[in-house]
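All values derive from a computational prediction rather than experimental measurement.
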Amino acid sequence: MAKGFDIHIKGHPSEGLKVEPLSISEALNLLKVKNIEGIAAARVNGVLRDISGTLETESELEPVYINSDEGLDILRHSTSHIMAMAAKELFPGIRVTIGPSIQDGFYYDFDYERPLREEDLPDIEKKMKEIIAADLPFSRRELSSSEAIEFFRSEGEDYKVELINDLGAERVSLYTQGTFTDLCRGPHIPSTKMVKAFHLTKVAGAYWRGDENRAMLSRVYGIAFADRKSLQQHLHRLEEARKRNHVKLGPQLDLFNTYDEVGAGMIVWHPKGAMLRHILEEFEIQEHVKRGYELVKGPTILKTELWKKSGHFENYRDNMYFTTIDDNSYGIKPMNCLSHMLIYGSKIRSYRDLPKRYFELGTVHRHERSGVLHGLLRVREFTQDDAHILCAPDQLNGEIKGVLDFVKEIMDVFNFEYELEISTRPEKSIGTDEDWELGTTALIKAMEENHLPYEINEGDGAFYGPKIDVKLKDALGRKWQCATIQCDFTLPERFNLVYIDRDGQKHRPVMIHRVVLGAIERFIGVLIEHYAGAFPAWLAPVQVKILTVTDRNIDFGEKLLAEITSMNIRTEADFRNEKLSLKVREAQLEKIPYMLIIGDKECEEEGVTPRQRSGQNLPFMKPEEFIDLISDECKQRR
RNA sequence: GCCAGCGUAGCUCAGACGGCAGAGCAACUGAUUUGUAAUCAGUGGGUCGGGGGUUCGAUUCCCUUCGCUGGCUCCA
């Protein structure tokens, strides 16, 4: 019969035991693992397994505690199974599809005769609590795919049948707790009772397998944590993130607004927001000129014929707006490249001229589907800090690396952390396979040479070429593409762009499309959340506010205002006959970096006592000293 | 575009069986001359997002449309 074999806890081989076949939980017990009730699953010889599983050979065990990343993942996944069971008990005829764990929680997609609503959530939660209290074990069994298909078909669970068919595996595993059985790889927590803290957060529609031509399912989202305290902390973090929300902060700080009567996805910039944009744009122009870019500017609408030539009409028409002028069809630009192509082609170019780097703060319009619009982060009109680099093929690598450095330098100014992704050829695209291969390799090579970590996003490239995307996170941790570097071999060809090389022959330049901030709108959206609206002095639309204590101080206040303003420091005055505490409060709510409070003392001694946004006062100083101080701060972009 | 939720004064929000629409802050007027996060008093302010329907009567019920939010899909 079964012979004895060795088991031990990872890292403690000397404390191992010789045993006969036994369950993992028994093994953990025998090996005197602490806090057994906090173990969600176990790693056995490197493989995650249920602790109800059996050990039959020599094993190295590693407990996975519920509050570890892996443990939470398992907990969340199990909670989704509990939710599916609750839904099946509450809504007869409901069909289950998939229910994975995600960041902080889980979801499950259901198909029901009507969409699930938010008001259904409390009922589902209540039922889930009953299931949890019933302390139902999760049990695993394996069977052949055909048996599993038969089982799910008898249950009316067609989606599961489809999943098993697509898996194409010989055998599959099923997990059962109470009345509910699901197709699942596992592992799961030992019992429903292990779920101590969860909350259903929202419902949303989701297409079956993400395909908009297939059924619209009801997705229920929930969050789950190892204990109530962690759940509360998470809810608190969400609350804090909401306070940074640029959709609220923007209008509150009077930066911008949207107006129903203007239309969806259109931003109206108020004076302070327009100033912020201007500061960023000036900064951008300087940084580009410094790096050998030339400023150009093209029109907003160009003939449709030209969009046909470029391939946009063929590939991007659905996102474009068209209009007619004197019987000619025109397209409103969704990208800035066309004029740049014409500029390059306007004369004979020598290899000595390359690379050409054309930079434009170009305002584009794109028809985004109404459901995707979101604050400043997804709009229909936006301005890109766009450039097109035309270079010889052997310059491509250097140019890409140059842009990667550029992006890093700019992101560092704002202390942004970012993630990089390389996107490869999508289904709807133009150009030869060789060119796509060449471009993709060039991007990867540049990334590796710059020692940058990246992920690959298959099939997510632009229609004209592969790209590197730089993603920033908003307050809620959602990722948004900002900078992007895209290779393009097609456009130079379509516009027949050439340069004369050393050999006296015409050669085709390659092109890089790239943005650094991306869209000014989106960047400002992320920026507001990054700083919670409290911009560093160099960015703040209003840098200084002068507050008088009484009317006696107005004369000196006016003098000071003129002096500071004349030094190009953006200054406002509050000379109202109000209590100082009120004026301080209001300036504080406006998140202005410096207040200068002017009372009798300052008037007599002709100086200022700056109050920083932090609430701290700087020592009394002369106006010139203050001007130096803030100018210096701006120069360093602190 | 699809699914769900939402839309009441400049802002934050109450409210109603279908029967004259409410508060705080802000605004305006006056008093107050004030030293680091809200001085006091008075006044004005609303097609209850738009259109249509049901009804004696709709902000409330129904339909439709616009806009916003969260997802799906799509992208800077």
**Prompt:** Across the strands shown, which category fits A/Asn617 at heavy-atom distances under 4.0 angstrom: base, sugar-phosphate, nothing?
**Reply:** base
**Message:** Mind checking if A/Lys579 touches a base, just sugar-phosphate, or nothing, with heavy atoms under 4.0 Å?
**Reply:** base
**Asked** Has the side chain of A/Tyr207 got a donor or acceptor atom sitting under 3.5 Å from an opposite partner on the base of B/G71?
**Response** no
**Item:** Short side-chain to backbone donor-acceptor contact, A/Asp120 and A/Arg117, under 3.5 Å
**Value:** yes
**Prompt:** Given the C1' atoms of B/U32 and B/G42, what is the spacing between them in whole Å?
**Reply:** 15 Å
**Asked** How is A/Leu580 classified with respect to the nucleic acid when contacts are heavy atoms under 4.0 Å: base, sugar-phosphate, or nothing?
**Response** base
**Message:** Work out how far the C1' atom of B/C48 is from that of B/U8, and round it to whole angstrom.
**Reply:** 4 Å
**Request:** Kindly state whether the ring of A/Phe523 and the ring of A/Phe414 have centres lying under 6.0 angstrom apart.
**Result:** yes
Under 3.5 Å, which protein N or O atoms sit close to an N or O of nucleotides 40-47 of chain B? Give each pair with its distance.
none

**Prompt:** Using purine N1 to pyrimidine N3 plus N6-O4 or O6-N4 for Watson-Crick, or N1-O2 and O6-N3 for G-U wobble, both under 3.5 Å, which nucleotide pairs with B/U36?
**Reply:** none
**Prompt:** Can you check the A/Asp120 CG to B/C3 P distance for me, whole Å?
**Reply:** 16 Å
**Asked** Is there a donor on the side chain of A/Arg585 or the base of B/A38 sitting less than 3.5 Å from an acceptor on the other?
**Response** yes
**Prompt:** How about A/His234 and A/Phe225: are their ring centroids closer than 6.0 Å?
**Reply:** yes
**Asked** Looking for any heavy atom pair under 4.0 Å, which part of the strands does A/Lys479 touch: base, sugar-phosphate only, or nothing?
**Response** nothing
**Message:** Taking the minimum atom-to-atom distance to the side chain of A/Met216, which one of B/G71, B/A76, B/U39 wins?
**Reply:** B/G71
**Asked** Of the residues in residues 367-385 of chain A, which ones touch RNA chain B at a heavy-atom distance under 4.0 Å?
**Response** A/Glu368, A/Arg369, A/Ser370, A/Gly371, A/Val372, A/Leu373, A/His374, A/Gly375, A/Arg378, A/Val379, A/Phe382, A/Gln384
**Message:** By the 4.0 Å heavy-atom rule, please label A/Arg478 as base, sugar-phosphate, or nothing.
**Reply:** sugar-phosphate
**Prompt:** Taking the chi torsion of B/C17, is it syn (within 90° of 0) or anti (everything else)?
**Reply:** syn
**Request:** Between B/G44 and B/C28, how far apart are the P atoms? Round to whole Å, please.
**Result:** 16 Å
**Asked** Do A/Asn553 side-chain atoms and A/Thr550 backbone N/O form a donor-acceptor pair below 3.5 Å?
**Response** yes
Report, one pair per line, the protein and nucleotides 8-16 of chain B atoms (nitrogen or oxygen only) whose separation is under 3.5 Å.
from	atom 1	to	atom 2	distance (Å)
B/U12	OP1	A/Lys248	NZ	3.1

**Selected nucleotide, minimal atom distance to A/Asp260 side chain, candidates B/G7, B/U36, B/G70** = B/G7
**Message:** Applying a 4.0 Å non-hydrogen cut-off, can you work out what A/Gly265 is touching in the nucleic acid: base, sugar-phosphate, or nothing?
**Reply:** sugar-phosphate
